[in-house]
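Report on the following structure.
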Amino acid sequence: MLEKKEILDVEKVIRDFEVITKDAENVQRETLKMILEENGCAEYLQNLGLNGRTDPESFKACVPLVTHKDLEPCIQRVADGVFSPILTGKPITTISISSGTTQGKPKFVPFNDELMETTLQIFRTSFAFRNKEFPIENGRALQFIYSSKQIKTKGGLFAGTATSNVFRNSQFRKAMKAMQSECCSPDEVIFGPDFHQSLYCHLLCGLIFHEEIRLVSSTFAYSIVLAFRTFEQVWEELCDDIREGVLTSRITFPSVRSAMAKLLKPNPELADLIEKKCSGLSNWYGLIPELFPNVKYIYGIMTGCMEPYLKKLRHYAADVTLISADYGSSEGWIGANINPSLPPESATYAVLPNIGYFEFIPLKENVEEHMQDNGNVSFLSMEPKPVDLTEVRVGEEYEVIITNFGGLYRYKLGDVVKVMGFHNSTPELKFVCRRNVMLAINIDKSTEQDLQLAVEEAAKLIAKEKLEVIDFSSNVDVSTDPGHYVIFWEISGEVSDEVLTECCNCLDRSFVDGGYVSSRKVDAIGPLELRVVRRGTFQKILDHYLGLGAALSQFKTPRCVGPANNKILQILCDNVTKNYFSTAF
């Protein structure tokens, strides 16, 4: 007797979403009340003097805005196994590891069943809206997902990346089945110890089930692009595996080989078909629909630093729809993409008012971030008062503050969002950028401090020759494949090529963010480039800002030049005299 599949009732999911978003203000009050009632006995809240009060006014009066640095001592005590309620009423049993620190030191974030449920609510909501426009049924998903190894903290708690904690949760696979989005790869591939071997097997599984694939997805667009770039290199080997029914010797882990042996059977007809399709493509255009003729869409985070990969992804996808995945972070979820027909560049996310309590800090014009007075005090040092979820204004930008069921209270997420409109009474947000991240290509998050420390370390090499770095800036160059960091230096005198080459290598080695280092090791980020500019280049940048009306006393050099600041990038590039590429990795 066949097991009856539990299929998600998408109409009910949409009805429930409509109900909570029509009364977002009251839902927010009730959500905050629930969070505080469940966690009121926690030491953190007890010490702030709430005394059982659960209304937003008392909450804001007693609880300060915080960053991860402020909560780190409490989170560390949780990780160390202190059993008493510190941040939450119920014990935390799992820790999510984020790479969001300036020094590359792992950042611990509490994870619990309540956060898992909000994760699934986000997944169900966006799927319900997606499935109305792009229905999938009786199919499989080619998901390029990878789970990092879990570790145990000093206190015995399991710790892993946020995605790993989700993938390892028993509710995840059940939810994917209900959404008819079950991964075509076995768990042994998802949880395999080697990224390259898992990627190869994901591709092989996709080909084995090629007619059943209804969607192609990954957490980030970059991972999808990387997968099909890899396919270009290994497709003939994949065809050999399928033709012979024997897995390549490049897969060395017994558990993965055993799992794949259950799926892989000799199929010369399929191998011939794939060879014919690949041989008929022009520069791999339309590869995805050619391999998977029944695919409905491609899904993953495609906003922010993932946008540079859209051109290549569209090349592989041809006419297949690209849909940007939902908006969240290691700390928690914010909103769901309920407008799947919008292109990724225009993606918005409707905030679910019952998954947390949200506030928003209004941001001043971006140009003010480049200004400061002689005392090095930024205009942004006096932050405006946060506003509630339903008080945000269309067209304005804000930094997100979250309070969730996992022990984060008035936590500054560091994300900048723009309000694009409202769905009923809940805002629809567009992700703009990380407020403090200066450089990002893949999973890396390098801050201004990371850049500063790297430059300081490398500058020691020219200090030996009585020279100095007069000023510096940076840029992410995604015109290359893969993208890479570019550091611009203005130096006080002439330096030999040999020394500058070593400076370049030193810069590359000195970026210690975990995402950067791991991406460099697997060539997911290209070699760092050092570009030396003419003397007086940074004076020209100052002159440019002064010409725009900026005051000299409030100017600071832009440390990272983004795509929106083409004029500054043009000044820098027009004045390059030498350039060097790192050989550090």
Inset, instruction - Using only heavy-atom distances, determine whether the side chains of Glu188 and Ser255 contain a donor-acceptor pair under 3.5 Å. - result: no
Legend entry - Distance-only polar pair, side chains of Tyr299 and Arg130, donor-acceptor under 3.5 Å: yes
Inset, instruction - With sequence neighbours excluded, tell me which residues meet salt bridge (charged side-chain N to carboxylate O under 4.0 Å, His left out) with Asp80. - result: none
Legend entry - For Glu114, all residues meeting salt bridge (charged side-chain N to carboxylate O under 4.0 Å, His left out), sequence neighbours excluded: Lys90
Inset, instruction - Taking Tyr357 for its side chain and Arg410 for its backbone only, find out whether a donor-acceptor pair lies under 3.5 Å. - result: no
Legend entry - Audit row: Asn339, Glu428, side-chain hydrogen bond (donor to acceptor under 3.5 Å, both in side chains) steps and yes/no: CA-CA 10 Å; Asn339 299 300; Glu428 292 187 331; 3.3 Å; yes
Inset, instruction - Could I get the full list of salt bridge (charged side-chain N to carboxylate O under 4.0 Å, His left out) partners for Asp477, not counting sequence neighbours? - result: Arg531
Legend entry - Those residues that, when tested against Tyr285, pass ring-ring contact (aromatic ring centres under 6.0 Å, His included) (two or more places apart): His315
Inset, instruction - Might you point out which heavy atoms bring Ile525 and Pro482 nearest each other, and give the distance in Å? - result: C-CG, 3.9 Å
Legend entry - ring-ring contact (aromatic ring centres under 6.0 Å, His included) against Trp489, all qualifying residues, sequence neighbours excluded: none
Inset, instruction - Please name all residues satisfying ring-ring contact (aromatic ring centres under 6.0 Å, His included) with Phe167, sequence neighbours left out, ordered by chain then number. - result: Phe172
Inset, instruction - Taking only Lys NZ, Arg NE, NH1 and NH2, and the carboxylate oxygens of Asp or Glu, determine whether Glu345 and Lys430 approach each other closer than 4.0 Å. - result: no
Legend entry - Under the salt bridge (charged side-chain N to carboxylate O under 4.0 Å, His left out) test, residues paired with Asp326 that sit two or more places apart: none
Legend entry - Residues that Gln121 engages under side-chain contact (heavy atoms from CB on, under 4.5 Å), provided they are two or more places apart: Ile20, Thr125, Leu352, Asn354, Ile355
Legend entry - Tyr516 and Asn442 side chains, donor-acceptor separation under 3.5 Å: no
Legend entry - Reference residue Leu142; test side-chain contact (heavy atoms from CB on, under 4.5 Å); the match among Ile213, Val295, Ile288: Ile213
Inset, instruction - Any chance you could measure Leu287, atom CG, to Phe228, atom CZ, to the nearest 0.5 Å? - result: 6.0 Å
Inset, instruction - Would you please test Thr348 and Leu342 for side-chain contact (heavy atoms from CB on, under 4.5 Å) and show each step? - result: CA-CA 8 Å; Thr348 60; Leu342 290 176; 4.2 Å; yes
Inset, instruction - Any chance you could measure Leu461, atom CG, to Asn505, atom CG, to the nearest 0.5 Å? - result: 10.0 Å
Legend entry - Check against side-chain hydrogen bond (donor to acceptor under 3.5 Å, both in side chains), Tyr580 and Glu502: CA-CA 9 Å; Tyr580 306 86; Glu502 184 52 38; over 6 Å; no
Legend entry - Charged N-O contact under 4.0 Å between Asp471 and Arg559: yes
Legend entry - Asn475: partners by side chain to side chain donor-acceptor pair (under 3.5 Å), with sequence neighbours left out: none
Legend entry - Any residue meeting ring-ring contact (aromatic ring centres under 6.0 Å, His included) with Tyr398, in chain and number order, not counting sequence neighbours: none
Inset, instruction - Determine whether the side chains of Tyr349 and Ser324 contain a donor N or O and an acceptor N or O closer than 3.5 Å. - result: yes
Inset, instruction - Tell me, with the steps shown, if Ser96 and Asn165 meet side-chain hydrogen bond (donor to acceptor under 3.5 Å, both in side chains). - result: CA-CA 7 Å; Ser96 290; Asn165 290 337; 3.0 Å; yes
Legend entry - For Thr252, side chain to side chain donor-acceptor pair (under 3.5 Å) partners two or more places apart: Gln197
Inset, instruction - Say whether, by atom type as modelled, one donor and one acceptor occur between the side chain of Asn112 and the main chain of Ile92 under 3.5 angstrom. - result: no
Legend entry - Partner set under side chain to side chain donor-acceptor pair (under 3.5 Å) for Glu457, not counting sequence neighbours: Lys460
